[in-house]
Each structure stands twice: as C-alpha cells, then as structure tokens.
Amino acid sequence: MLAFTTIDRVNASKRSVVERIKDFKEVYNLFDNIKAKEQADRCINCGDPYCHNKCPLHNIIPAWLKQVSEDNLELAFDISNETSPFPEILGRICPQDKLCEGDCSLNETHGAIAIGAIEVYISETGFAKGLKPKFSDKKIGKKVAIIGSGPAGLSCATFLLRNGVNVDVYERANKAGGLLTYGIPGFKLDKNRIERRVKFLEQAGANFILNCEIGKNKSIKELVDKYDAIFIGIGAKKGRKAGIEGEDKPNVHLSMEFLTKVQKKLFNEEVENYIDVKAKNVVVIGGGDTAMDCVRTAIREGAKSVKCLYRRDEKNMPGSKKEVVNAKEEGVEFVFNVSPKKIVDNGIVLEKTTLTKADENGRKKVEIIPNSEYIQNADVIIFALGFEQEKPAFVNELNLELDKYNGIKVNKNYQTSNKKVFAGGDSVRGANLAVTATYDGREAAFGIVKFLEV
Ligand code: SF4
C-alpha cells in the first residue's frame, strides 16, 4: 500500500469514440490484474476512511483494496459482496466523483483511488474464476412478496435470501431489473450483468413473476393474504416537464420514455410510438446523469446534432463528471446558462441565465437575464428534469401514509403505516441514485427479518 507517491491514478481505458458510438456496448474496458493491483496499492488505508463513509452502502473499501493489492481475489470478492448486492453494477453506474472517490483522501492532491473500476474488476474477475455470491442454506420458513425488481427490489431480495427468507419478485415489465434494465443504457451497463444477478437469485430460491402488475394482473389483497410481509420498491418514474407553453407538442418527450423505448427496441420488444431521432436535431434539457444518458443514446440512434441545454454552468452540473466527458467526446454540444421559455414550431425559445452569489448552503440561484431570449432550432426535444413518485391504486388500498410528495412514509426499519408492508428506494425518498435505492433495499430486508423473527 501507499504506492500513491510513485504511481498515478489511472482510469479504466475506453473503447475508441468511432467504435463506441456505433453500438450500445459498454464503453469502459476492465482493469487487468496488474493495473488493478497497482491502483489498489495506492490506497493509504486512512484510519477514518472517508470513501467508506461517503459510499451510501458503506462498503468496506480499504479492506477490499488491500486484498486486491495482495492478490487475494477471493477474499476481496467476499468482502465486496458482503455489503453490496451487486458491486459490479454499482461500480459501473455510480457517480463516484460525487461519492466514494470524491471523498478519497488522495482526491485533491494525488488523484483518488479508482474505486469504481477496482470494484468492477473484483467481481468480474471473480465470476470468470467461478466465484459466486454466497446465500444461506438455512430457511426460516417465511416468504416475502417484493413489488418491483429495480435496485431496491433486487437488493431487498438478495439480503432476504441471505437471511433464509424466500422471496417472490413481482415485475410489470418483460424483464427484471427496472431502471437498471430499461432506464440505464447498455453503454454504461451491459444487460447481461443484471441477468446474471437475477440468475444467482433464482438459484438461491427466488421466483421472478414477470409481466405482472399489482392491482391489474394480481390484487394486492392476494399478496397480503399469501405472504408474511411485502416490500414495495416501485421507484419514481413519472417524468417532469418544465410547465412551459407548447410542451405538449408531439415532438416533445420525457427522458425515461425515450430511454425505455430505445432499450425495448434493442431487446426486440414491441414498442408503441417509437421516438425516431435519426437525422434529426435533438435537444435535451437537463444536466444530470439521465440527461447524459439521453444525449449519448441520441448520438447512437443517428441524430444529426445533439445539444444539451442546462440552466447553470458546467461546474454546477449535478451528475457525474465522467459522463459529461464521455458525452463531449461522442459529439454532444453543451449550452450552459440557458432556460427554456416556450416550445415553438421550429424549436425552443431559450432565455440566458446567470447565477447569483452562493447562499448559506453554497448553492447559487438561477436568474434570467432580461431581453436575452433566442430560438434554438430543434426537431426533437427531450426533458430530463427529474422524476416524481407515482401512486398506484394498491398504495391506497393498503391505506399507507404518504408524505406531501406522495412518498411512502416508513419508520427506521422501513416499515410503513401498515405493519406487514415495508418500502424503500425512490418510492419512499423521491428520485435519487440507484445506490441509495440499493441501500434502502438492504436495510429494509434487515427490518423485515427483525419483523418476521418476532
Ligand atoms: Fe463507490 Fe458506488 Fe461502489 Fe459505493 S457502491 S464504493 S459509492 S462505486
């Protein structure tokens, strides 16, 4: 360890731009053994590891870095899989610069440890050598229904199975994975990674019931009667527009609608009203990771030009820096400090903005510059302005207490106002990261186990 004085941080290498924009295959290559070992060896093993504290799962990062640096892959695999239900997935999609790597003690001075890339290396190399995540052989004779198979649902299923609780996972789509499968593009996360984890869960005893919407194909009452507990992890997928004139025009779309339709096409699933951007001028409004997913998807779909419009400056973008870099490399043009005013026949009317001085939380407000409007020509306009919680009828039927944003209220054990029902992820806290939903699913599983063992 401590090799940071002689070895610089390196990122995982990427496929060439010319190659990668022709397909939806992953952009990053895996670290090889030498690179992973060298990079792990840079860790200074701080007494109070900020990376561990900033990781929403509180992964024991320095412990698995040490094992990689000493060539103990099997132990690194076990430690990494102990706190995370799918490290190779989160290592690929987490905005590390805002989380573990952002708080690495070396970040400011020498470059953070390449935590995400090493996390991916551990699991992928482990799988290639035949290592598998461990599950419990003992069963406690209880069964839980999980509604939704996104990150919260899959995480909850993993930790319930590890504690000897059987699970049935209900998913309304054709495939399991929720946002991981249909929302995050393949160039960030190959869909086989999710299928592999689903297979591990099936081997451990989970049943996946696909194409089954609770309240439509099966009543919530059946679930309440049949299971010892229920976990709700239905996410927050309702997209937001800007509330401006003209946004109901047929060429204006929501980010998740666009991303899901493209992914369904790639799966050869039936797609109604496909959003065809080929040879069109596309603008995406928003500056987060979902906006980056949309612009990069539009490039791969053959758009003539792709612009990302964001109302703050580049420094204040909320998403992962590496995704912005990737988008720029792939030909996306960024227009900062602009705000949409209305949609017109040939595009979108924008107003220029400026930022105020930082408030007490360090956040700068956006102010419109008077008389600064202009038209940005566009054939297709996509809003990527965040998500809201949906409120399916079964939530009412269960009589669950909600907060003012329609989030399901839970106690510290993730138990709702209905004692048999637990919830976590975006359906509780509002739109957030996949890794926070994963954390909620894990902690809810522990809450459910406590409830079942009473
Ligand atoms: Fe970092 Fe995300 Fe992995 Fe945690 S789960 S160590 S935040 S990449």
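All ligand and atom numbering here is 1-based and tracks the order in the structure. Predicted, not measured: the structure shown is a model, and the values here were computed from it.
The six-membered or imidazole ring of His253 lies away from that of Phe258, with a centre-to-centre distance of 6.0 Å or more.
The part of Gln96 lying near ligand 1 is the side chain, judged by heavy-atom distances below 4.0 Å.
The aromatic rings of His52 and His58 sit tilted relative to each other, their planes meeting at an angle between 30° and 60°. Ring-plane geometry between Phe24 and Phe187 is classed as tilted, the angle between the planes lying from 30 to 60 degrees on a 0 to 90 degree scale.
Near Leu99, meaning under 4.0 Å from any of its heavy atoms, are these atoms of ligand 1: 7 (S). Near Ile61, meaning under 4.0 Å from one of its heavy atoms, ligand 1 places the atoms 6 (S).
Nearest to atom 1 (Fe) of ligand 1 among the protein's heavy atoms is Cys100 SG, 2.3 Å. Among protein heavy atoms, the minimum distance from atom 5 (S) of ligand 1 is reached at Asn59 ND2, 3.5 Å. In terms of protein heavy-atom proximity, atom 8 (S) of ligand 1 is nearest to Glu119 OE1, 3.2 Å.
Using a 4.5 Å heavy-atom cutoff, the side chains of Leu99 and Leu433 are in contact.
Residue Cys94 does not count as close to atom 1 (Fe) of ligand 1, with no N, O or S atom under 2.8 Å.
Remark: Arg197 is not positioned above the aromatic ring of Phe200, lacking an NZ or CZ atom under 6.0 angstrom from the ring centre and at most 45 degrees off the axis.
Within the model, atoms CG of Leu259 and OG1 of Thr290 stand 7.0 Å from one another, a figure rounded to the nearest 0.5 Å.
Nearest to atom 4 (Fe) of ligand 1 by heavy atom, out of Ser84, Cys55, Cys51, is Cys55.
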